[in-house]
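Contents: one structure, followed by commentary.
In the text below, chain A, chain B and the rest are named by the order of the sequence lines, each starting its count at 1. The figures that follow rest on heavy atoms only: side chains count, while hydrogens, waters and symmetry mates do not.
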Amino acid sequence: MPGNIWVLAEHWRGKVSEITFEALALGRDVADQLGSKVEAVLLGHGVKDLASQLGAAARVISTDHEALAEVVPEVYAEALAQLARRERPAAVLTPLSNVTLGVGTLLAAKLGASAINFCKNVRVVDGKIEAHAVLYGGKIETKVAAAAEPVVLGIGPGARLADAGRSAEPPAVVDEVTVDLPEAQPIRFKEFIEPEAGEVDVTQQDVLVAVGRGIGSRDNIALAEELAAALGGVVCGSRPVIDQGWLPPSRQIGKSGMQVKPRLYLALGISGAPEHVEGMRGAELIVAVNTDPAAPIFNVAHYGTTADVLEFLPLLTEQAKALRG
Amino acid sequence: MNLLVLLKMVPDVVEELEIASDGAGLDMDVARMALSESDDHALEQALLLKERMGGTLAVLAVDAAEVDDALFTALAKGADRALKVDAGEVAQLGTRALADLLSQVIADGHNLLPVDLILTGTQAIDDLDGLMAPLVAHQLGLPYIAIVIQVTPDPARRVASVVKEYPGGVRGRFEIDLPAVVGIQSAERPPRYVPVAKVRAAMKTQRIETVQAPTLADGGTVLAEVKSMSKPEETGRAEMIEGTPEAASARLCGILAERGLV
Ligand SMILES: Cc1cc2nc3c(=O)[nH]c(=O)nc-3n(C[C@H](O)[C@H](O)[C@H](O)COP(=O)(O)OP(=O)(O)OC[C@H]3O[C@@H](n4cnc5c(N)ncnc54)[C@H](O)[C@@H]3O)c2cc1C
Ligand SMILES: Nc1ncnc2c1ncn2[C@@H]1O[C@H](COP(=O)(O)O)[C@@H](O)[C@H]1O
């Protein structure tokens, strides 16, 4: 009997994360190919009720412990390792999210297992698990085989549609199990710090003019502001632009920033790294301007051009203004 | 505060990436190597802590193309020591083997101990088989946290207050016992710039300590095997608008107008 496929059911601030449903859908596909079952592992404190949302899994393994209230990689990995030693899954899918990052690596280290990160797909080839990982900011895809079982797979967003991993039915089996965790931990959660409300809410805009490192300097942001004004939208950006202090944190789009679904997303001088794309891939129309024809942003954009953004921006602004009259 | 920063060279993705003839790796003759972006932030955060609290700052890297540049740059910015490990064959084995090797280097007599904080970048773009920071933490028996954007040590209490990023602009504050391994995402402020002349001066007056790789008990564990590499499939790619910037912007403006977006 091949081992089952486990999905670490990420939840945060009382809600099951979208990536959990995506991973459940992926896990079910892998389990089907392997001839085994997909099971969800729900770790936390006071969140047992969330199990009812995990009906896409054949079984939920639920563990409640004070030390699991927030994700501390060492503690989560220890809990998972104890469970995995008991039940020997073939693979453990862990979200590569800001909440869960680090858990997979430590779990693999504790189990002497393989770890493969940046997975966007997983298949079974000749009875063995093969991962498709996306490296180098989205520029290269790899097929990777695990050298040691089980395999801990770090799953990026978008591997499957979340809806495919949702179920109206609760899971058939929920097993409540215990783990043994030390009381004193070297890392202690203190508090959440809410984002400062920005002067605009980028999640509520129809039109977003997004700038990346390719915009070159703080002064050039004004060019994007002018276009945004002409289109009735607002300017936002990728991480390097925010890190440089050229735009406020409330304007960051991506993994650590905001998730947006505007009618139009103009990506100007943005490479399209997975961590950026996860914040904007839901936009209705994506247009990318990037001098590098191999930039991964062109894999998610509907329209693209390899013009120099500094040359392109004033032209588009002028034409948009002319059209508006 | 005794600070140690781990530095890693990665292919610069702004340049063309070519796949080697065996189809299972990058063509390293074509790739241009650069310091992993978040390592620049880890170094900056360490420099800020050293300026604030005193102590020593060492940087440690595995030998790789252009690594001397990165190490001398770190020295020019204010690091006290720069160490380079010749990992030999182990460099090809993957992160687990390199983590065993670096942990041994840290633990074995290169005057890197006692250390209060080991800072790394959060995650590199070529991180195929696991993160270095938690592996080093695991080997050395230290606590680990990543995606960190603020570190405020309290040496008297042997703890640090760290702020890490969650999704949606939310952050979380944790207290972590020292010594610890911390994966930095962004420093408190943008990494400093150092003039080339200062780096050249560092090349003349300072030196990189070369460390012989210790032998790994098990020869080094390989955990992931790349079967093939490819550029992303051309499916679902954008419709490219060709022509002069004038023509392209006019065409795009037309597309936006059709959809009622202008
Ligand atoms: C845990 C974690 C969380 C992260 N969270 C986020 C996040 O929330 N948001 C985010 O954006 N990133 C995030 N990142 C970082 C992400 O991995 C990328 O580093 C980042 O998105 C790159 O930003 P960029 O595209 O602006 O810069 P680059 O990748 O440097 O790309 C710049 C692009 O501009 C192009 N260019 C240069 N000059 C011009 C010109 N004159 N005209 C046209 N094009 C030009 C180049 O060809 C290049 O493609 C995160 C990373 C990690 C590890
Ligand atoms: N070979 C290496 N040598 C030194 N530091 C490394 C190495 N690999 C990873 N690191 C450190 O670990 C961080 C995360 O990289 P990675 O584990 O590859 O995602 C990097 O930013 C470095 O700080």
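- The shortest side-chain heavy-atom distance between A/Arg188 and B/Ile176 does not fall under the 4.5 Å cut-off.
- In summary, the side chains of A/Gln319 and B/Ser249 do present a donor paired with an acceptor at a separation below 3.5 Å, with no hydrogens or angles considered.
- Taking 4.5 Å as the limit, some side-chain heavy atom of B/Val170 sits within range of a side-chain heavy atom of A/Arg13.
- Neither the backbone nor the side chain of B/Leu142 comes within contact range of chain A; no heavy atoms are under 4.5 Å apart.
- Considering CZ of B/Arg237 and NE2 of A/His302, their distance stands at 14.0 Å, rounded to 0.5 Å.
- Remark: A/Ile140 CD1 to B/Ser230 OG distance equals 7.5 Å, nearest 0.5 Å.
- Inter-residue side-chain proximity for A/Arg263 and B/Leu261 is flagged as met; some heavy-atom pair is nearer than 4.5 Å.
- A distance of 7.0 Å separates CG in B/Leu135 from CG in A/Leu106, rounded to the nearest 0.5 Å.
- Going from atom CD1 of A/Ile116 over to atom CG of B/Asp129 covers 8.5 Å, rounded to the nearest 0.5 Å.
- A/Ala133 touches chain B through its side chain: at least one heavy atom from C-beta onward sits under 4.5 Å away, while N, CA, C and O do not.
- With a threshold of 4.5 angstrom between heavy atoms, B/Val159 approaches chain A through side-chain atoms but not through N, CA, C or O.
- Counting all heavy atoms, side chain and backbone alike, A/Leu101 lies closest to B/Tyr144 at O-OH, 4.3 Å.
- Contacts between B/Glu242 and chain A at a heavy-atom distance below 4.5 Å are absent for every atom of the residue.
- Counted by atom type alone, B/Arg251 and A/Thr305 present zero donor-acceptor pairs between their side chains at under 3.5 Å.
- Both the backbone and the side chain of B/Arg259 come within contact range of chain A, each with at least one heavy atom under 4.5 Å from a heavy atom of that chain.
- Using a 4.5 Å heavy-atom cutoff, the side chains of B/Leu128 and A/Asn117 are not in contact.
- The heavy-atom pair separating B/Arg96 from A/Ala113 by the smallest distance is NH2-O, 3.0 Å.
- A/Asp308 has its side chain out of reach of B/Pro245: every pair of non-hydrogen atoms, C-beta onward, lies at least 4.5 Å apart.
- A donor-acceptor distance shorter than 3.5 angstrom exists from the side chain of A/Ser114 to the backbone of B/Leu223, with no hydrogens or angles considered.
- Contact detail for B/Lys164 and A/Val99: the closest heavy-atom pair is NZ-O, 3.9 Å.
- Distance CD1/B/Ile19 to CD/A/Glu141: 9.5 Å, rounded to 0.5 Å.
- Between B/Glu37 and A/Arg213 the shortest side-chain heavy-atom distance falls below 4.5 Å.
- To the nearest 0.5 Å, the span separating CD1 on B/Ile125 from CG on A/Leu135 amounts to 8.5 Å.
- Proximity to chain A (any heavy atom under 4.5 Å) is restricted, for B/Ile147, to the side chain, taken from C-beta onward.
- Of the two parts of B/Ala124, only the backbone, made up of N, CA, C and O, holds a non-hydrogen atom closer than 4.5 Å to a non-hydrogen atom of chain A.
- You'll find the side chain of A/Trp12 reaches within 4.5 Å of the side chain of B/Pro167, heavy atoms only.
- Comparing A/Ser256, A/Ala147, A/Pro293, A/Ala307 by heavy-atom pairs within less than 4.5 Å of chain B, the highest count is held by A/Ser256.
- Looking at A/Gln259, there are no atoms closer than 4.5 Å to chain B (heavy atoms on both sides), in backbone or side chain.
- No side-chain donor-acceptor contact under 3.5 Å links A/Thr142 to the backbone of B/Val226.
- Interface remark: B/Val14 contributes backbone atoms only to the contact with chain A (heavy atom separation under 4.5 Å).
- With respect to B/Glu15 and A/Lys139, no salt bridge is recorded, no charged nitrogen being found less than 4.0 Å from a carboxylate O.
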